[in-house]
Amino acid sequence: MRDATMPVRTAVAFAHAVVQFVAEEVGAEVLHIKGPAVELEAEAMRGRGYGNRGSVDADVLVRPSHVQRLERALAMHGWTVLYEFEDGSPFEHAATLARQGLANADLHRYFPGVEGDPEKAFERLWASRRTVVLAGRDVCVPSIPAQRMILILHAARGRSTAHLAEVREAWLELSPADQLAIDDLARDVDARVALAAGTGRLDTVKSARSHDLWLALSEGEASQARLWRARVRAAPSRKSAMRTGLRLLLPKRQRLAVALGRPPTTWDMVRAFGGQIGRGTRALARDLGLDRGRRA
Amino acid sequence: MFRVPDSVAYDVIEADSDHGIGSQAGAAETVYLLSLPDGVPLVLSGMGAILWLLAAEGVTDVASAVASATGESVGSIEPLIRDYLESLVADGLLEHRPV
């Protein structure tokens with residue numbers, strides 16, 4: 001009865017089901033997001049092109065204080081960490097876990113674009129959760145406005161300008177009441193800037209510290225240096241700006257290991273820095289106002 | 001009477017569609033099954049898939065349902081179907097519904 005050609009959608013659905021099962025075992029609260037967890041009412045926010053290619057992994061938003069518990073439990077069930085949070089995107093929002101025969105699971109500790117306290121934001125989403133059936137099992141998903149918001153925030157990261165254009169069209173086709181519900185939610189979880197980027201309203205949040213970051217992302221900014229500066233500026237404090245700036249310059253150890261096919265040595269890490277250290281540090285100093293009288 | 005155990009996930013692929021979850025038994029071609037949380041994905045296809053779906057959907061007399069659809073006599077197929085469904089119970093892919 002084994003089959004080596006199981007469809008990707010089945011592998012994804014099964015990964016969702018396993019994560020839900022293990023989460024219930026250890027009392028971890030999770031919301032299934034994107035991919036097959038999106039309900040029909042929120043489908044339009046996927047866009048017709050980019051978003052409909054189908055998910056290849058199972059995306060799950062985990063209550064931040066339950067992340068470690070769930071990671072440990074999944075490890076007990078044979079899942080291995082492919083990428084830790086700091087090895088993933090510059091937002092460091094998700095860890096990727098893998099188990100043979102299933103799709104990967106992306107455990108999100110927050111969703112990029114949500115700038116409020118992650119625990120409070122999760123609680124806001126959890127309070128209005130719904131239940132859907134996935135792979136024959138009940139799983140928790142965010143409310144319809146939250147599903148729509150998450151898809152808009154995802155599109156706002158600008159990986160496809162065509163997709164973002166479709167999402168903006170879908171936004172305009174929503175009723176005023178539906179738009180208001182998403183705006184209210186975005187206000188509660190402090191996702192107004194990313195939502196504005198995803199819905200073509202960035203001019204309404206010009207004074208926000210993360211405005212430039214979401215402008216750059218949503219316009220598909222190609223310059224990594226400009227993106228890096230925008231991320232540093234978006235940090236809520238000087239201390240976190242410094243930390244963000246430096247962390248973004250560090251080579252991703254796990255990604256380097258995958259590229260090399262072996263654990264990286266100290267020398268590998270040093271080489272991976274390349275010329276970034278000097279260049280990045282000068283730019284960081286300028287952005288933090290620590291570099292008076294010297295131009296980077 | 002049978003039902004799907006709480007610890008089994010499944011995905012139904014219809015014969016002419018790639019959106020099979022929640023499909024009707026008669027249109028099903030393939031059923032993928034996974035015992036949670038550590039099982040290996042399994043697949044049932046053709047008549048095996050249809051029998052699992054009929055049982056999973058709570059059809060009380062699977063043999064009679066198959067007999068009426070195929071024109072076979074119930075007596076000729078009932079032992080085979082009973083053995084097959086009991087093998088699925090033994091593998092944990094179905095369970096008897098409490099009476």
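Chain A is the first sequence line, chain B the second, and so forth, proteins listed ahead of strands; every chain is numbered from 1.
- Defined by atom type and a distance below 3.5 Å, a donor-acceptor pair is present between the side-chain atoms of B/E86 and B/H96.
- Heavy atoms of B/S7 lying under 4.5 Å from chain A belong to its backbone as well as its side chain.
- Contact check on A/K34 versus A/D106 returns no salt bridge, with no Lys/Arg side-chain nitrogen under 4.0 Å from an Asp/Glu carboxylate oxygen.
- Both the backbone and the side chain of A/V18 come within less than 4.5 Å of a heavy atom of chain B.
- Using a 4.5 Å cut-off between heavy atoms, A/F21 contacts chain B through its side chain alone, with no backbone atom that close.
- A/L102 touches chain B through its side chain: at least one heavy atom from C-beta onward sits under 4.5 Å away, while N, CA, C and O do not.
- Every residue two or more places apart in sequence or in another chain that forms a side chain to side chain contact (heavy atoms under 4.5 Å, CB included) with A/L164 is listed here: A/A155, A/R168, A/S218.
- For A/Q179, the side chain to side chain contact (heavy atoms under 4.5 Å, CB included) test picks out A/W171, A/L174, with sequence neighbours left out.
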